[in-house]
Structure formats: structure tokens, C-alpha cells
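Lettering follows sequence order; numbering is per chain, from 1. As the structure is a prediction and not an experimental result, all values here were calculated from the model.
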Protein chains: 2
Amino acid sequence: MVEDDIFRALADPTRRAIFEKLAGGSMNASALRQGMAISQPAMSQHLAVLRGAGLVREARQGRFVNYDVDPEGVALIAQWLAKYRTYWPARIDALKVVLKEMDQ
Amino acid sequence: MVEDDIFRALADPTRRAIFEKLAGGSMNASALRQGMAISQPAMSQHLAVLRGAGLVREARQGRFVNYDVDPEGVALIAQWLAKYRTYWPARIDALKVVLKEMDQ
DNA sequence: GCTTCACATAAGCGTGTGCTTATCTGTTGC
DNA sequence: GCAACAGATAAGCACACGCTTATGTGAAGC
């Protein structure tokens with residue numbers, strides 16, 4: 001199951017932090033490690049999980065490997081969440097703003 | 001971390017199935033078990049996890065306990081996802097439909 | 001060609017997770 | 001009160017997960 005890989009990947013806080021960092025711009029594994037108190041193999045393993053879930057893409061550039069957010073993965077979460085849109089409470093203001101920004 | 005509980009809860013396929021079933025209408029634990037090949041304690045434990053994550057609410061009704069989707073939890077996922085909306089690819093048709101439905 | 005560097009993979013280990021069976025709690029209806 | 005029922009909790013177990021250290025792979029640069 002695709003959603004299985006996605007949610008399992010996001011269940012780990014370190015992986016969500018990596019994903020969030022990548023959302024700010026593509027980066028290689030070493031750059032991602034900056035200020036993250038994580039070993040090189042651990043980072044490599046986390047990136048492999050994120051990649052397996054389709055949340056992240058890789059692109060070899062010489063001896064560096066550049067990673068960036070895979071829009072397909074994000075879209076899959078959006079599609080899953082869309083099934084439950086009837087339950088989004090209108091009273092949450094922040095969400096209203098988000099909805100407006102989504103409309104374009 | 002709130003998102004930690006949410007994504008950890010959704011990482012399990014059985015729990016996602018329960019959540020999806022509840023999205024179709026509130027139900028008690030026994031009704032949820034119908035056609036799910038899951039023991040009574042397992043269901044109880046799964047519901048406890050979903051409740052702990054804020055994805056599901058419970059309401060005692062006599063000796064039954066009625067469960068339903070908690071809109072707050074769904075909203076939290078929406079808010080988390082909103083951070084990555086710049087990565088949603090426009091070329092995915094299904095998503096376009098979803099976006100239109102969101103706009104109201 | 002050999003060292004250096006970026007990253008991946010392997011193996012091992014402690015901990016968390018999801019299941020089971022057994023038992024407890026609380027409510028209904030006689 | 002007590003039997004029947006809905007559900008929660010406890011204890012135990014197999015397995016997955018995330019980390020570590022050690023080693024492998026491939027490109028860069030002299």
C-alpha cells in the first residue's frame with residue numbers, strides 16, 4: 001500500500017524534520033545533517049525511507065546526491081486527506097486562510 | 001508532539017481502515033469489528049491510539065461506546081499539509097477536482 | 001593510480017508496536 | 001442480586017524500527 005509507506009515514513013519525527021528542511025529547498029545529505037545531531041548512516045537510511053514512500057526524490061550530481069520534495073507524494077497525502085474534508089471544522093481560523101491560499 | 005501521535009496512529013493500515021469506516025458515520029466498537037477479522041481487545045487498543053492522537057472521539061451510550069471522527073485531528077493534518085502546498089503538482093487531475101471542492 | 005570525500009549498505013542491538021489470551025469494569029434486564 | 005453483554009486493561013510474545021559501528025561503492029582531484 002502506498003499510503004502505508006507514506007504514513008509510516010512520516011511517523012518518525014526525525015524524518016518529518018528532514019522533509020520539512022527539504023521543503024525549504026533541495027539539499028544534499030551532508031547539508032541536511034547540519035544542526036541535526038544525526039549520524040551519516042542514519043540520515044542515509046531516513047532518506048531511503050522517504051524516497052521509498054515517494055515523498056522525496058534524489059538526483060546524483062557528481063559525488064553528491066541532491067534531494068528534494070517529491071510533489072507526487074505530497075499530492076497523495078492531499079488526495080487521502082480530501083476523503084475527510086467534510087470533517088474539517090469551519091471554526092478553525094488558520095484553516096480558513098489555508099483554504100483561501102489553496103484556491104488559485 | 002501532536003503530529004507524532006497523528007502520523008504514528010495513521011501508520012497502521014488497520015487503524016486507517018477503522019478511521020475510514022468511522023468517516024462513513026459514527027459507530028460503536030462492536031459495529032466497527034464487523035467484517036474486519038480483528039479481535040475485540042485489538043479493536044479497543046486501536047481505538048485508544050486513534051483517540052490519543054485526537055483523530056477520533058468517544059461518547060458513552062449505556063454500555064456501548066460510540067466513536068466518531070474528530071474534526072480537530074483532521075484539521076491538524078490539513079494544517080500540516082498546508083505547509084507543503086507549493087509542491088502540489090497541477091497536472092494531477094484528481095487533485096484539481098479536490099481543490100475545487102475545497103473552495104467554498 | 002591513489003587518496004579523499006559523499007553516500008550507501010551490512011550487521012547487531014535495544015526498544016516500540018500490534019497481536020494474542022486472560023481477566024477486570026461497568027451497564028442492562030430479568 | 002445476578003447473568004449476559006460491551007468494552008477496557010494486563011501480560012506476554014514475535015516482529016519491526018531506528019540507532020550504532022564497520023565496511024563498501026563510486027566520483028573528484030592531485
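Bracketed by its first and final contacts, the part of DNA chain D lying under 4.0 Å from non-hydrogen atoms of chain A reaches from D:dC17 to D:dA28 in 5' to 3' order.
The list of ring-ring contact (aromatic ring centres under 6.0 Å, His included) pairs with a residue in residues 37-61 of chain B, not counting sequence neighbours, is empty. A ring-ring contact (aromatic ring centres under 6.0 Å, His included) check over residues 48-77 of chain B, counting only residues at least two apart or in different chains, returns nothing. For residues 26-43 of chain A, every residue pair satisfying the side-chain hydrogen bond (donor to acceptor under 3.5 Å, both in side chains) rule, not counting sequence neighbours, is listed here: A:Ser26-A:Asn66.
End-to-end axis angle of the helix from C:dG1-D:dC30 to C:dC30-D:dG1, from C1' rotation axes over five pairs per end: 30° (rounded to 10 degrees).
Partners of A:Arg63 according to the salt bridge (Lys or Arg N to Asp or Glu O under 4.0 Å) rule, which considers only residues two or more places apart in sequence or in another chain, do not exist here. Evaluation of the salt bridge (Lys or Arg N to Asp or Glu O under 4.0 Å) rule for B:Asp68 yields B:Arg57 as partners, not counting sequence neighbours. Taking B:Arg15 as the reference, nothing meets the salt bridge (Lys or Arg N to Asp or Glu O under 4.0 Å) condition, with sequence neighbours excluded. B:Val69 meets the side-chain contact (heavy atoms from CB on, under 4.5 Å) test with A:Tyr87, B:Phe19, B:Leu22, B:Ala23, B:Val74; sequence neighbours excluded. Judged as a side-chain hydrogen bond (donor to acceptor under 3.5 Å, both in side chains), and not counting sequence neighbours, A:Glu3 has no contacts.
Put simply, the side chain of B:Arg51 never gets that close to the backbone of B:Ala53: no donor and acceptor are under 3.5 Å apart.
The nearest pair of heavy atoms linking B:Gly73 to B:Ile6 is O-CD1, 4.2 Å. The minimum heavy-atom distance between A:Ala9 and A:Leu50, with the atom names listed, is CB-CD2, 4.3 Å.
A salt bridge links B:Arg16 and A:Asp4; the closest N-O separation between the charged side-chain nitrogens and carboxylate oxygens is under 4.0 Å.
Of the two residues near DNA chain D, A:His46 and A:Gln61, the one whose nearest nucleotide lies more 5' is A:His46.
The shortest distance between the side-chain N/O atoms of B:Ser39 and the OP1/OP2 oxygens of C:dC19 is not below 4.0 Å. Listed pair A:Asn28 / C:dC7 meets the phosphate criterion, a side-chain N or O lying under 4.0 Å from OP1 or OP2.
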Would you give a per-nucleotide map of nucleotides 8-16 of chain C, 5' to 3', where B means the base has a protein non-hydrogen atom under 4.0 Å away, S means only the sugar-phosphate does, and - means neither? BBB------
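Taking CD1 of A:Ile77 as the start and CG of A:Leu55 as the end, the distance is 5.0 Å to the nearest 0.5 Å.
Near-neighbour residues of DNA chain D inside residues 13-21 of chain B, defined by a heavy atom below 4.0 Å, are absent.
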